[in-house]
Amino acid sequence: MKLNMMLAALCFIGAYESAMAMDKRDAYLKFKVNKELQIVGHKAKQMELFAKPEEFTGKIITEVIPLSPEDKDALKNGFQNAFVLKKKQKVEYTLEDMRYVAAIQRKKDSFSVKVKEASTVKR
């Protein structure tokens, strides 16, 4: 009986830890961005954020976070390519020792940008 309870507890702990790890993988920050690259909407799921998404509203997405000049150019090129090619563009950038991927997709009169954590930057 005790063995069955211990096995059940271990199964529960394993399932819980697996679910928590899956939630981290599913974490994201999503923006709706107009043609002028101003953030007009947002949605987040379990993502550690640099600032509250509400603080981004109305601001130009490439100016919201402190990006390196190279990352800023890559993000601008991602928007341009998404607009011209009408295909999702993935752009990697680094912020505070973390690597992120922004998936930029053109919508009719706007863009959808979904940001997910990629990995820790090794120094």
Side-chain angles (χ1 to χ4, degrees):
M1 186 78 154
K2 287 182 182 181
L3 182 60
N4 285 345
M5 297 218 14
M6 283 179 58
L7 287 174
L10 286 175
C11 286
F12 174 76
I13 290 169
Y16 178 77
E17 288 177 355
S18 177
M20 293 305 288
M22 196 178 317
D23 283 346
K24 182 147 176 81
R25 282 192 308 259
D26 293 339
Y28 66 84
L29 176 59
K30 194 170 186 177
F31 292 109
K32 181 176 180 182
V33 180
N34 66 18
K35 288 189 231 177
E36 289 78 33
L37 303 186
Q38 292 175 313
I39 297 169
V40 294
H42 58 83
K43 180 179 177 182
K45 179 182 176 190
Q46 299 175 344
M47 181 115 170
E48 291 182 32
L49 305 173
F50 176 72
K52 293 180 182 179
E54 297 83 30
E55 295 174 16
F56 303 153
T57 304
K59 296 181 181 175
I60 297 174
I61 194 165
T62 55
E63 304 298 325
V64 170
I65 54 177
L67 296 171
S68 70
E70 296 82 15
D71 287 345
K72 192 177 284 193
D73 287 344
L75 199 55
K76 287 178 182 178
N77 288 336
F79 279 102
Q80 185 176 22
N81 289 339
F83 183 80
V84 172
L85 302 173
K86 299 178 184 176
K87 290 185 179 180
K88 185 187 298 183
Q89 302 295 306
K90 291 190 177 183
V91 178
E92 283 197 31
Y93 65 91
T94 303
L95 178 64
E96 295 182 355
D97 294 335
M98 290 299 298
R99 208 169 295 153
Y100 296 90
V101 176
I104 304 167
Q105 192 163 5
R106 178 182 173 186
K107 300 294 181 182
K108 186 176 179 181
D109 293 326
S110 62
F111 294 95
S112 172
V113 182
K114 187 172 186 176
V115 177
K116 294 184 106 179
E117 187 178 303
S119 64
T120 304
V121 177
K122 295 180 183 175
R123 290 185 176 216

request  = Supply the atom-to-atom distance Lys114 NZ to Leu29 CG, rounded to the nearest 0.5 angstrom.
outcome  = 10.5 Å

remark   = salt bridge (Lys or Arg N to Asp or Glu O under 4.0 Å) filter on Glu63, not counting sequence neighbours, yields Lys72

ask   = Do side-chain atoms of Asp71 reach the backbone of Thr94 as a donor and acceptor pair under 3.5 angstrom?
value = yes

remark   = Smallest heavy-atom separation, Gln89 atom then Ala82 atom, equals CG-N, 3.4 Å

key: Closest contact, heavy atoms only, Gln38 versus Gly58   = NE2-O, 3.6 Å

query = Cluster question for you: counting only ILVMFWY and a side-chain heavy-atom cut-off of under 4.5 Å, with indirect links fine, are Val33 and Val64 together?
reply = yes

query = How many angstroms lie between atom CD of Gln105 and atom NZ of Lys88, to the nearest 0.5 angstrom?
reply = 5.0 Å

task = Starting at NZ of Lys87, measure out to CG of Asn81 and round the result to the nearest 0.5 Å.
result = 11.5 Å

Closest non-hydrogen atom pair between Ala118 and Val101, with its separation = CB-CG2, 3.7 Å

query = Within a strict 4.5 Å, meaning less than it, do heavy atoms of the Leu75 and Ile104 side chains meet?
reply = yes

query = Does some side-chain heavy atom of Phe111 sit less than 4.5 Å from a side-chain heavy atom of Phe83?
reply = yes

query = Are Tyr100 and Ile60 connected in the hydrophobic side-chain network, where two residues link if heavy atoms are under 4.5 Å apart?
reply = yes

Same apolar cluster: Val113 and Leu95, side chain cutoff 4.5 Å = yes

ask   = What distance separates Glu92 CD from Arg99 CZ, expressed to the nearest 0.5 Å?
value = 6.0 Å

Side chain proximity check, Ile61 to Phe56, heavy atoms < 4.5 angstrom = no

query = How long is the gap from NZ on Lys35 to NZ on Lys108, to the nearest 0.5 Å?
reply = 10.0 Å

key: Distance (rounded to the nearest 0.5 Å) between Asp73 CG and Gln80 CD   = 11.0 Å

